[in-house]
Amino acid sequence: MDILANLAIGFGVALSPYTLFLAICGCFLGTIIGALPGLGPSNGVAILIPITFTLGLDATSALVLMTSVYYGAMYGGRISSILLNIPGDEPALMTTLDGYPMAKQGRAGDALVLSGVASFVGALLATIGLMLLAPTLARVAFYFGPAEYFALYLLAFCTLGGMASNNQAKAALAACIGLGIAMIGVDSSSGLPRLTGGNLHLYDGIDFLVAIVGLFAIAEVFFFIESHGKGSSIGVKLEKVTIPWKDIMATKWTMLRASGVGFIAGILPGAGASLGSFLAYMTEKSIAGPNGGFGTGAPKGIAAPEAGNNSAAGGALVPMLTLGVPGSGTTAVLLALLMTLNITPGPTLFTERADVVWGLIASLLIANFVLLLMNVPMVKIFVKILMVPAWVLLPGVTMISFVGIYSLSGSYFDLLLMIGFGVLGYFLRKLDVPTVPVILGILLGGNMEDALRRAMTLSDGDPMYLFSSPIAIGFWIAAIAGFVAPMFLRGLLKKPAAHED
């Protein structure tokens, strides 16, 4: 009954005309961002976050807008995967395996509609799972002490860093860079400045959003200049769009199974939608057997990864809201938004700011239906977005970034800092060093340091206190496994890509 009462409060917030308008706008913008190859949800949310401050949105409105963009981008990633054989983002990689072959068979419209329905099923079930599971996990989090939180933050670094890079050493380096940046500013215990170089602008530390917009949006501008200056074109022509009822009915159980697999993958800190998509695809491929036709344009090969990655996207919100630990790169960006809005994710969020949480959940339920309506009858409009030349796109991204950051702080130094982070992000990606662990280090570095200090204070400096409870030990084991496991799993993740055309 508590869930129904809270959901009623949420719909009271979500159905206000202004919030509903923001959700629809976020869905539309997110689908466009997802359809553009290379941008993806992380970059898309980072680029648009400054808009929330330019418009002066409150916490609920800002979160509804950005999570709608998040969900929309997850939907949109399939469009370029199917038509261009170029994933709109990393989670959409598995969709290319059967989506592009089906499109080449003259069934591009069927592939787009089927993938849209699968995305809807996965995202809707994940939102329901978020609604049911998050309050329970929030109550469990009350038992966490400083040792458990330190181990949990370590788990986030190990798993998210491990899955974000092809090289564990580079992932560890990126995390250390982020932690080093988090140390900049005045030490809260001693009152002494750290790593400021005597610059007064750095005494308050590095603003999360300045770093995120720089590392994602500005760095993306540099890459667009280098790689996409000539625009893009449609690889497979889209003819008449119809609803393939036969394929939808034939894949209904596939969508349900993939949604469950993806949601579980999304809850794991650091696993994210990429792992959810892969596990869902491989599960259905193993069930279908060698005669399943996977890799040749099989409808199940489209439905499984799309349901899996969208349900994982919803699952990633669970640890972010209940524990303050992002489940994916995009939720790390959303976590920065919450912290900038003076909202502290964690177990108390569901009691102290119930309107924000349940308004968000209700808005996501509505957004799923909005996205389904957008991604079936309006799919031809989004396809045309793929033909937008970079010389039109780049100035818009740059303007949004500069105006948004300046409106947030009014400081020219932050603009220079943002450009600096853009250059850093560009070179890190050129060196194949992941940027997500850098962001995670900036976001969680301060909290991780505080947890370690409290643990050492309570134990009189005994480091074994960090292993003093079964929960903490479990997190340590999971952290080690999460960092080591990708070394063995990466070969499996790459094998399906060998079948791409």
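Values in this document were obtained by computation on a predicted structure and should not be read as measured data.
- Within the 4.5 Å cutoff, side-chain heavy atoms of Leu466 are placed close to those of Leu452.
- For Ala126 against Gly314, the heavy-atom pair with the smallest separation is CB-CA, 3.9 Å.
- Considering all non-hydrogen atoms of both residues, Pro463 and Met456 come closest at CA-CE, 3.9 Å.
- Residues Pro146 and Ala451 approach most closely at CB-O, 3.4 Å, considering heavy atoms.
- Using a 4.5 Å heavy-atom threshold, the side chains of Asn310 and Phe263 count as separate.
- For Tyr203, the OH atom sits in a packed shell: over 12 heavy atoms of surrounding residues, nucleotides or ligands are nearer than 6.0 Å.
- Here Glu148 does not pair with Arg454 in a salt bridge; the nearest charged N to carboxylate O distance is not below 4.0 Å.
- Side chain of Ser311 to backbone of Ser259: a donor-acceptor contact under 3.5 angstrom is found.
- A side-chain donor-acceptor contact under 3.5 Å links Lys170 to the backbone of Leu431.
- Atoms CD1 and CG, on Ile361 and Leu130 in that order, are 4.5 Å from each other to the nearest 0.5 Å.
- The minimum heavy-atom distance between Met418 and Val210, with the atom names listed, is N-CG1, 3.7 Å.
- Two residues are said to be in side-chain contact when any heavy atoms from C-beta on lie closer than 4.5 Å; Leu371 and Met74 fail this criterion.
- Nearest heavy-atom pair, Ser363 versus Val64, reported as atom, atom and distance to 0.1 Å: OG-CG2, 3.4 Å.
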**Request:** Show your reasoning for whether side chain to side chain contact (heavy atoms under 4.5 Å, CB included) applies to Phe413 and Asn199.
**Result:** CA-CA 11 Å; Phe413 183 80; Asn199 191 319; 3.5 Å; yes
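- The shortest distance between side-chain heavy atoms of Phe421 and Ile181 falls below 4.5 Å.
- For the atom pair Thr67 OG1 and Leu364 CG, the distance stands at 4.5 Å (nearest 0.5 Å).
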**Message:** Using the rule given for side chain to side chain contact (heavy atoms under 4.5 Å, CB included), can you reason through Tyr281 versus Thr95, listing the C-alpha separation, both sets of side-chain angles and the distance that settles it, and then say yes or no?
**Reply:** CA-CA 9 Å; Tyr281 184 90; Thr95 307; over 6 Å; no
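- Here the CZ-CZ distance, from Phe427 to Phe222, works out to 9.0 Å after rounding to the nearest 0.5 Å.
- With a 4.5 Å cut-off on side-chain heavy atoms, Val423 and Ile218 do not count as touching.
- Counted within 6.0 Å of CZ on Phe467, heavy atoms from surrounding residues, nucleotides or ligands total more than 12; the atom is thus considered enclosed.
- Within the 4.5 Å cutoff, side-chain heavy atoms of Leu154 are placed close to those of Met448.
- In the model, Ser61 has a side-chain atom that pairs as donor or acceptor with a side-chain atom of Asp58 under 3.5 Å.
- Using modelled atom types and a 3.5 Å distance limit, the side chains of Thr127 and Tyr71 yield a donor-acceptor pair.
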**Request:** Would you please test Leu65 and Phe21 for side chain to side chain contact (heavy atoms under 4.5 Å, CB included) and show each step?
**Result:** CA-CA 9 Å; Leu65 177 61; Phe21 173 73; over 6 Å; no
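- We find the CE-CG distance between Met320 and Leu335 to be 6.5 Å, quoted to the nearest 0.5 Å.
- For the pair Leu57 and Tyr18, the minimum side-chain heavy-atom distance is below 4.5 Å.
- Rounded to the nearest 0.5 Å, atoms CG (Leu424) and CG (Leu428) are 4.0 Å apart.
- Using a distance-only test at 3.5 Å, with no hydrogens or angles considered, a donor-acceptor pair links the side chain of Tyr70 to the main chain of Ala313.
- Contact of the Val186 side chain with the Asp204 side chain is not registered, since no non-hydrogen atoms from C-beta on lie closer than 4.5 Å.
- Shortest non-hydrogen contact noted between Gly445 and Leu179 is CA-CD2, 3.6 Å.
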**Verdict with reasoning, Thr60 to Leu360, per side chain to side chain contact (heavy atoms under 4.5 Å, CB included)** = CA-CA 7 Å; Thr60 303; Leu360 169 64; over 6 Å; no
**Request:** Take Glu306 and Ser115 through the test side chain to side chain donor-acceptor pair (under 3.5 Å) and record every step on the way to the result.
**Result:** CA-CA 6 Å; Glu306 282 303 308; Ser115 60; 5.4 Å; no
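- The CG atom of Leu334 lies 8.5 Å from the CE atom of Met66; values are rounded to the nearest 0.5 Å.
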